[in-house]
Every structure is written in C-alpha cells, then in structure tokens.
Amino acid sequence: MPLKSLAEYEVLAAQAHGHLCAGQILGLRMAIYGVKLLGLDDPAGKDRKRLVSVVEIDRCITDAIGVVTGCRLGKRALKFRDFGKTAATFCDLQENRAVRIAARESARERARQLYPEIADRNWQQMRAYREMPDAELFAAEWVRVTLAPEDLPGYKAPRVVCGQCGEAVSFRREVVMQGRSLCRACAGEAYYGPA
C-alpha cells in the first residue's frame, strides 16, 4: 500500500479517530512528511517492519500518525513518550536513522492570517493545514534514537513472574529489589491503588 493522498488518509483518520479535526490533519501531514524524509514509500506495507514511530503527546495527531505509518502499540512499533509536545520521531530501523518532526507554534497564527474569514478555529486550521508547505507547518531535525532490543518489534524473551503479586512481566520490565523480581507496581511505581 504505497502512500495515499491526503484526502484518502483523511477518510481513514476520521474512521479511526471518530471525527476529523485540525489535529488529525496535522498528524497526517506530519507522518507523511516524516516517512517521505526517510524515503519510505510504503510505510504500512513493505516498509512496515523497518519503521518505529515515537509520539510525544496523547492527542489527535497520534491516531493520524498510526493511520499513515501503520505503527501501533500492539505491534510494538508505536512508542509514547509523554512530553506534551505536538511532535513525533520516525525511526528507520534498517538504516539506523530517525527524523523528529515538531509542529511549529506559528502555524496557528499563520492559519488565522490565511483565513481570517473563517470564524471557527478548527475549520480555519483544517483548511490551512491542508495547504501550508511542510516547512511552514513543521520543524524537522535528524536525530539519533537508541531503542533497546526489548523495545523493538518482534523481541522475544522469557516472562518473569512477580515475586509479590504473581503476575507475569514481559520485555524486561521487572525490577529487582533485595534479590526478588517484582513488577513495577509492586516495586512502588503503581499508577493505581486499591478502591
């Protein structure tokens, strides 16, 4: 499945996300730009095993990035680093290179300048984000990303059973404390507590 047109991706993004918004357009454009800079013309097809995407925000753009790249959490090809930034890094595992794409804050103001007659900010941004050149929407930077073997798609390793709760822990996520292997929750990193 070679790269599609923006309009084709918009239909898929609306289905995946539940609606189409400015964030979706931005995410689609960001992902298309990123894979093109990497020279990948079929990210969800023949190039899928060489691409990992790292997203820095849990907003609309993340769903759109998955639509273009085919990267998913369940495939271990989508990584989330909560930096709260409208940015993503696209990693070509085969060539050991990566490009980080960040949305320019100035793009919002540029959308207002381009379409002052559109009162609804979302519609204004959607129209502008479809048309603005990549360089006006994004800052691109070639970066180095080091992924541990246990973070790569396809990694296989034995599971460890937590010495306290008895739940299995995969991908070397256990913590060893006083000679016991514990899951992160039992080691004090739980994001939940008893009700």
Side-chain angles (χ1 to χ4, degrees), residues 1-4 6 8-18 23-24 26-103 138 140-162 167-176 181-185 187 189-192:
M1 290 197 260
L3 285 173
K4 301 177 185 323
L6 180 61
E8 290 172 304
Y9 279 129
E10 286 180 11
V11 172
L12 297 172
Q15 291 170 349
H17 188 65
Q24 288 283 292
L26 200 60
L28 293 171
R29 293 281 311 273
M30 182 181 286
I32 293 167
Y33 187 40
V35 297
K36 281 183 176 178
L37 286 173
L38 289 173
L40 304 178
D41 61 353
D42 193 5
K46 71 175 174 64
D47 297 324
R48 74 187 180 285
K49 292 188 177 185
R50 63 190 280 189
L51 183 62
V52 168
S53 298
V54 182
V55 294
E56 298 182 18
I57 196 165
D58 54 353
R59 296 287 308 200
C60 305
I61 71 156
T62 300
D63 287 344
I65 287 169
V67 166
V68 173
T69 64
C71 293
R72 306 274 188 271
L73 283 172
K75 292 183 177 184
R76 307 198 77 234
L78 181 66
K79 308 296 181 185
F80 174 53
R81 301 293 186 259
D82 193 2
F83 287 6
K85 293 184 175 185
T86 306
T89 301
F90 304 92
C91 308
D92 180 347
L93 302 176
Q94 182 176 303
E95 298 297 325
N96 193 27
R97 60 194 181 134
V99 62
R100 182 176 180 273
I101 312 291
F138 306 113
E141 174 185 17
W142 290 96
V143 296
R144 175 119 6 244
V145 175
T146 303
L147 295 170
E150 61 267 17
D151 291 326
L152 294 172
Y155 178 79
K156 305 258 190 277
R159 295 188 320 186
V160 174
V161 175
C162 175
E167 294 178 6
V169 181
S170 299
F171 308 119
R172 295 187 181 166
R173 300 305 196 254
E174 73 273 7
V175 176
V176 178
S181 292
L182 302 175
C183 68
R184 288 182 175 178
E189 298 179 36
Y191 67 89
Y192 56 89

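The figures that follow rest on heavy atoms only: side chains count, while hydrogens, waters and symmetry mates do not.
- In this structure a side-chain-to-backbone donor-acceptor pair under 3.5 Å is missing from Arg184 to Val175.
- For Arg97 against Gly39, the heavy-atom pair with the smallest separation is NH2-N, 4.3 Å.
- Minimum interatomic distance between Leu38 and Ala98 (heavy atoms only, all atoms of both residues): CD2-CA, 4.5 Å.
- Scanning all heavy atoms of the two residues, the minimum distance from Thr69 to Ala31 falls at CG2-CB, 4.2 Å.
- For residues 140-157, the pairs satisfying side-chain hydrogen bond (donor to acceptor under 3.5 Å, both in side chains) are Glu150-Arg172, Asp151-Arg173, Tyr155-Arg172, with sequence neighbours left out.
- Between the CG atom of Leu40 and the CD atom of Gln94 there is a distance of 8.5 Å, given to the nearest 0.5 Å.
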* To do: Evaluate the criterion side-chain contact (heavy atoms from CB on, under 4.5 Å) for residue pair Met30 and Phe90; output intermediate values, then yes/no.
  => CA-CA 10 Å; Met30 182 181 286; Phe90 304 92; 4.2 Å; yes
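- Of the candidates Val68, Thr62, Ile61, Ile65 forms a side chain to side chain contact (heavy atoms under 4.5 Å, CB included) with just one, namely Ile61.
- Between Ala16 and Val67, the shortest heavy-atom contact is CB-CG2, 3.9 Å.
- Annotation: the span from Tyr33 atom OH to Ile101 atom CD1 amounts to 5.5 Å, rounded to 0.5 Å.
- Panel note: side chain Asp42, backbone Asp47; no donor-acceptor pair is recorded below 3.5 Å.
- Taken to the nearest 0.5 Å, the CZ atom of Arg29 stands 14.5 Å off from the CD atom of Gln24.
- When all heavy atoms of Ser53 and Cys71 are compared, the pair lying nearest together is OG-SG, 3.4 Å.
- With sequence neighbours excluded, no residue forms a side-chain hydrogen bond (donor to acceptor under 3.5 Å, both in side chains) with Glu174.
- The heavy-atom pair separating Phe138 from Leu26 by the smallest distance is CZ-O, 3.6 Å.
- Applying the side-chain hydrogen bond (donor to acceptor under 3.5 Å, both in side chains) definition to pairs two or more places apart or across chains, none involves residues 71-91.
- Between Arg50 atom CZ and Leu93 atom CG the span is 9.0 Å, to the nearest 0.5 Å.
- Taking CG from Leu37 and CD1 from Ile32, the interatomic distance works out to 12.0 Å, rounded to the nearest 0.5 Å.
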